[in-house]
Amino acid sequence: MKPMNKNKVIQKVKEYVKRELKGEPTGHDWWHAFRVWKMAKKIAKKEGGNLFVIELAALLHDIADWKFSGSLKSSSKKARELLEKLGVDEKILKEVCYIIENVSFKGAGVKDKMESIEGKIVQDADRLDVIGAIGIARVFAYGGFMRREIYNPEIKPKFHKTFNDYKKSKSASINHFYEKILLLKDRLHTKTAKTIGEKRHKFLKLFLKQFFREWKGEL
């Protein structure tokens with residue numbers, strides 16, 4: 001099959017992701033992929049990297065999220081099937097699939113394995129979408145879908161040491177901020193993302209301060 005040009009491949013991938021994730025209710029929808037894609041391109045302008053790889057991985061990183069499929073390789077498998085049909089080179093395919101398989105947070109005690117600048121940029125873009133106002137909205141959208149309590153003072157946050165422990169967690173939504181979201185600022189890779197993340201992180205802390213003051217009846 002004759003390879004398509006890069007712009008056409010990106011357009012086809014966008015159409016596919018939009019169709020597959022349209023209306024998804026947990027915050028892992030098309031608009032999440034769209035924001036990650038836009039942010040990844042913004043970071044790449046300053047940090048470099050292969051933009052084609054970055055765009056493909058950003059658009060496809062959640063095409064079959066492990067939280068719903070049960071496997072870290074579900075998204076990369078689905079991405080590979082699509083990109084092969086579109087005539088994408090094997091070298092690019094491997095890079096994109098590597099990023100997709102390693103992009104997710106796997107627990108506070110689990111180190112990131114991302115090595116390439118392309119992967120670091122996509123991971124940063126994905127993580128920035130969890131930090132800040134949109135991140136707060138996504139936490140509660142996901143928590144509601146999973147039938148989790150907003151907050152339960154009897155259930156304390158846990159520092160998960162393995163991915164398996166993290167996957168099994170059924171903690172209240174507020175605990176997710178301490179188990180993951182507030183940790184992400186210090187796990188961003190690029191200077192560009194760190195600058196953006198710092199501002200969003202401050203907003204998270206303000207939200208949590210307000211939340212607990214209201215919970216205690218102080219306001």
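Residues: numbered from 1 along the sequence shown. Only heavy atoms go into these numbers, but all of them, side chains included; no hydrogens, no water, no symmetry mates. Bear in mind that the values here come from a model prediction, so they are computed numbers and not experimental data.
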Open item on the list: As an exercise, state the distance from CD1 of I181 to CZ of F105, rounded to the nearest 0.5 Å.
Closed with: 8.0 Å
Task: Modelled atom types, side-chain donor and acceptor of E149 and N152, under 3.5 Å - done: yes
TODO: For the pair W37 and E55, evaluate side chain to side chain donor-acceptor pair (under 3.5 Å) and give the outcome as yes or no after the intermediate values.
DONE: CA-CA 6 Å; W37 173 57; E55 290 193 67; 2.8 Å; yes
- [ ] Could you pull out the closest heavy-atom pair between I131 and R200, with the gap in Å?
- [x] O-CD, 3.1 Å
TODO: Looking only at non-hydrogen atoms, find the nearest pair between V17 and L60 and report the distance.
DONE: CG2-CD2, 3.7 Å
Open item on the list: Using only atom types and a distance under 3.5 Å, with no angle test, would you say the side chain of D126 pairs donor to acceptor with the backbone of S104?
Closed with: no
Open item on the list: Taking the side chain as everything from C-beta on, heavy atoms only, tell me whether E198 gets closer than 4.5 Å to K194.
Closed with: no
- [ ] Check whether any side-chain heavy atom of R35 sits under 4.5 Å from a side-chain heavy atom of I134, and report yes or no.
- [x] yes
- [ ] Please answer whether the main-chain N or O of Y178 pairs with a side-chain N or O of K180 as donor and acceptor at a distance below 3.5 Å.
- [x] no
Open item on the list: Donor-acceptor check, side chain of E118 to backbone of L51, threshold 3.5 angstrom: yes or no?
Closed with: no
- [ ] Return the minimal non-hydrogen interatomic distance between I100 and A79, and the atom names on each side.
- [x] CD1-CB, 3.7 Å
Task: Heavy atoms of other groups near K78 NZ, more than 12 under 6.0 Å - done: yes
TODO: On the 0 to 90° scale, with breaks at 30° and 60°, tag the F211-F207 ring pair as parallel, tilted or perpendicular.
DONE: tilted
Open item on the list: Would you say the ring centers of H28 and H61 fall short of 6.0 Å from each other?
Closed with: no
Open item on the list: Is there a side-chain contact between L83 and I92 in this structure, where contact means two heavy atoms from C-beta onward sitting under 4.5 Å apart?
Closed with: no
- [ ] Return yes if some donor-acceptor pair links the side-chain N/O of N102 with the main-chain N/O of Y98 below 3.5 Å, else return no.
- [x] yes
TODO: First locate atom CD of Q11, then atom CG of L86, and finally report the distance between them rounded to the nearest 0.5 Å.
DONE: 11.5 Å
TODO: Output yes when a side-chain donor or acceptor of N5 lies under 3.5 Å from a complementary backbone atom of N7, and no otherwise.
DONE: yes
Open item on the list: Keeping R127 on the side-chain end and R187 on the backbone end, is there a donor-acceptor pair under 3.5 Å?
Closed with: yes
Open item on the list: Looking at K158, I'd like to know if its NZ atom is crowded, meaning that more than 12 non-hydrogen atoms belonging to other residues, nucleotides or ligands lie closer than 6.0 Å.
Closed with: no
- [ ] Answer with yes or no whether the hydrophobic clustering places L188 together with V110; edges join I, L, V, M, F, W, Y residues whose side-chain heavy atoms lie under 4.5 Å apart.
- [x] no
Open item on the list: Is there a path of hydrophobic side-chain contacts, each under 4.5 Å between heavy atoms, that joins V36 and I196?
Closed with: no
Open item on the list: Tell me whether the count of non-hydrogen atoms from other residues, nucleotides or ligands lying under 6.0 Å of CD1 in I150 goes above 12.
Closed with: no
- [ ] Measure the spacing between OG1 of T190 and CD of E47 and express it to the nearest 0.5 Å.
- [x] 4.5 Å
Open item on the list: Side-chain heavy atoms nearer than 4.5 Å, only ILVMFWY residues, links allowed to pass through others: does that put I155 and F177 together?
Closed with: no
- [ ] Give the cluster check for L59 versus V9: same hydrophobic cluster or not, with ILVMFWY residues linked at side-chain heavy-atom distances below 4.5 Å.
- [x] yes
TODO: Would you mind checking if D29 and K22 are paired as a salt bridge, meaning a charged N to carboxylate O distance below 4.0 Å?
DONE: no
Open item on the list: More than 12 heavy atoms of other residues, nucleotides or ligands under 6.0 Å from CZ of F212: yes or no?
Closed with: yes
TODO: Indicate yes or no for a side-chain donor-acceptor contact from Q123 to the backbone of V103 under 3.5 Å, with no hydrogens or angles considered.
DONE: yes
Task: Minimum side-chain heavy-atom gap L206-K202 below 4.5 Å - done: no
- [ ] In sequence, state the C-alpha distance, the side-chain angles, and the governing distance for I174 and L208, and then conclude on side chain to side chain contact (heavy atoms under 4.5 Å, CB included).
- [x] CA-CA 8 Å; I174 283 292; L208 290 168; 4.1 Å; yes
Task: Contact summary for I121 and G48, nearest pair of heavy atoms - done: CD1-O, 3.2 Å
Task: Closest approach of V139 to S173 (non-hydrogen atoms, all atoms of both residues) - done: CG1-O, 3.7 Å
Task: Side-chain donor or acceptor of R138 paired with backbone N/O of G27 under 3.5 Å - done: yes
Open item on the list: For D89, is there an ion pair with K94 - N to carboxylate O distance below 4.0 angstrom?
Closed with: no
Open item on the list: Checking H189 against D112 for the side chain to side chain donor-acceptor pair (under 3.5 Å) test, could you report, in this order, the C-alpha distance in whole Å, the side-chain angles of both residues, the deciding distance, and whether it holds?
Closed with: CA-CA 10 Å; H189 305 284; D112 296 319; 4.6 Å; no
Task: E15 bridged to R19 by N-O distance under 4.0 Å - done: no
Open item on the list: Between E95 and K91, does any side-chain N to carboxylate O distance fall below 4.0 Å?
Closed with: yes
